[in-house]
Amino acid sequence: MSEKTQTGLTQDELIALAGRHMIQNYRQQPVVMARGAGMELFDVSGRRYLDMTAGIAVCCLGHSHPALAESIAEQARTLQHVSNLYYIEQQILAARDIAERCFADRVFFCNSGAEANEGALKLARRYQHTVAGAPERNLIVSTLGSFHGRSMATVAITGQEKYRADLGPLIEPVTMVPYGDLAAAEKVLEQRTACAFILEPIQAEGGIIVPPAGYLAGLRELCSRTGTLLIFDEVQTGVGRTGKWFGHQHDGVTPDVMTMAKALGGGVPIGAVAATDEAARGLGFREGGAVPHASTFGGNPLACAAARTVIRVIEEDGLLANTREVGAYLGEKLDALAAAHAPLTTGTRGRGFLRGLALSRAAGPVYSACRERGLLVSVAGGTVVRFAPALIAGREHIDEAIEILDAVLGELGQ
Ligand SMILES: Cc1ncc(COP(=O)(O)O)c(C=O)c1O
């Protein structure tokens with residue numbers, strides 16, 4: 001059965017048009033998706049795919065979840081955008097919904113992960129200027145192997161050279177320390193020149209790297225002792241992906257600031273900076289001054305209605321527990337694959353529904369071969385096959401995915 005494209009154009013015609021009119025920055029798979037439902041996507045030729053990517057950790061309720069679709073439609077009929085010149089009901093309630101599920105007292109809304117990190121960096125710099133009275137504390141400390149976004153500030157703090165190439169001069173000063181290495185962090189932070197230390201609770205794009213136990217707690221202690229703001233980038237790990245609302249909640253520590261995006265809108269663009277009362281002073285408005293940070297679209301009614309529905313459905317449908325249980329099952333299945341296909345496979349890592357199968361060579365061919373067999377996975381850190389399914393994934397989906405991946409690894413390992 002062939003799916004209809006929305007315009008009546010064929011897949012080949014659309015891809016040819018993309019070649020003609022799109023800036024050629026992406027390297028896309030030769031498929032146009034037509035429709036999604038739950039764990040499945042269908043391309044315009046009617047081909048079904050089992051989706052273990054969820055739009056790069058975004059569609060946490062699965063594709064076209066009826067409650068999310070309904071809340072977006074209802075909000076679109078009621079009020080779509082007014083700007084932050086006015087109070088916005090859905091925005092205020094979304095901030096409350098987030099604050100009730102984490103350490104944060106206050107939230108600022110934007111539209112993406114990079115923007116959320118930009119906001120957090122501005123907060124940190126301005127906190128040192130206006131609250132701590134230490135404008136000379138301007139160093140941003142980040143980790144090697146990290147990924148924080150594609151804007152000019154966030155590429156500068158991203159610890160992978162390939163994302164920073166050809167863009168200089170980059171925003172300074174930034175120092176990178178090895179991820180998981182407390183002694184290296186201490187050496188830099190003890191100089192008391194840093195405004196903030198930013199890191200992912202699990203490095204996602206960098207290859208699903210889980211830090212050693214005690215690392216986040218150690219950083220918390222170091223940052224508190226040295227007057228450095230601790231920022232957790234939960235853009236990929238947040239909103240349920242690891243089986244708790246936020247990835248750092250497995251470690252029993254809290255940051256001063258946290259960023260999120262991706263899954264927060266379940267597919268509708270939204271980002272957020274969440275902060276303690278104290279840290280939030282960094283972005284506080286001062287009488288007589290300019291508004292210190294803002295976003296035209298940030299916190300618009302449509303995106304915030306979606307975020308509120310995402311949070312409600314995750315809770316009502318027990319999706320955190322599902323992510324822990326079925327995520328553990330996925331981990332076991334990947335462990336078995338890793339054992340069966342060594343030395344092509346070198347191990348597994350991750351937590352909840354953010355899992356990786358590490359290979360001894362580039363994972364690109366596995367990614368393409370899986371798609372050709374109807375399974376969508378993605379690549380992290382070049383050599384890791386990444387699973388980041390919707391939080392609704394069941395054991396039957398995992399079984400189907402593992403069977404396909406098993407066959408692909410068998411073929412490629414020969
Ligand atoms: C940890 C992390 N931070 C930031 C970003 C950037 O988010 P966005 O693409 O929404 O700007 C990503 C995207 O993959 C991410 O994984």
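Both backbone and side-chain heavy atoms feed into the values below; hydrogens, waters and symmetry mates do not. All ligand and atom numbering here is 1-based and tracks the order in the structure.
The distance from ligand 1 to the heavy atoms of V235 drops below 4.0 Å at these ligand atoms: 2 (C), 3 (N), 4 (C), 5 (C), 7 (O), 12 (C), 15 (C). Numbered from 1 in the order shown, with element, the atoms of ligand 1 that lie under 4.0 Å from a heavy atom of G113 read 7 (O), 8 (P), 10 (O), 11 (O). Taking a cut-off of under 4.0 Å to the non-hydrogen atoms of Q236, the atoms of ligand 1 that pass are 14 (O), 16 (O). Under a 4.0 Å criterion applied to the non-hydrogen atoms of E200, ligand 1 contributes the atoms 1 (C). Each of the atoms 3 (N), 4 (C) of ligand 1 lies under 4.0 Å from some heavy atom of N117. Heavy-atom proximity to S112, at under 4.0 Å, picks out these atoms of ligand 1: 10 (O), 11 (O). Of all atoms in ligand 1, listed by their number and element, those nearer than 4.0 Å to a heavy atom of D233 are 1 (C), 2 (C), 3 (N), 4 (C).
Looking at R126, its side chain does come within 3.5 Å of a backbone N or O of G282 through a donor-acceptor pair. For the pair R386 (side chain) and T53 (backbone), a donor-acceptor distance under 3.5 Å is absent.
For the pair R106 and F108, the cation does not sit on the ring face, since its NZ or CZ is not both under 6.0 Å from the ring centre and inside 45° of the axis. Remark: R395 is positioned above the aromatic ring of Y329, its terminal NZ or CZ atom under 6.0 angstrom from the ring centre and at most 45 degrees off the axis.
Within 6.0 Å of atom CD in E172, 12 or fewer heavy atoms from other residues, nucleotides or ligands are found, so the atom counts as exposed in its surroundings.
Between Y163 and F147, the ring planes are perpendicular. Angles over 60° get that label, and only those under 30° would be called parallel.
Note that atom 9 (O) of ligand 1 has no protein non-hydrogen atoms nearby, at separations under 4.0 angstrom.
Using a 4.5 Å heavy-atom cutoff, the side chains of M152 and I171 are in contact. Inter-residue side-chain proximity for N322 and L320 is flagged as unmet; no heavy-atom pair is nearer than 4.5 Å.
On a distance-only criterion, K262 and ligand 1 share at least one N/O pair closer than 3.5 Å. The shortest N or O to N or O distance between A114 and ligand 1 is below 3.5 Å.
Contacts between R150 and ligand 1 below 4.0 angstrom, taking non-hydrogen atoms only, are absent altogether.
The closest approach between any non-hydrogen atom of Q203 and ligand 1 is not below 4.0 Å.
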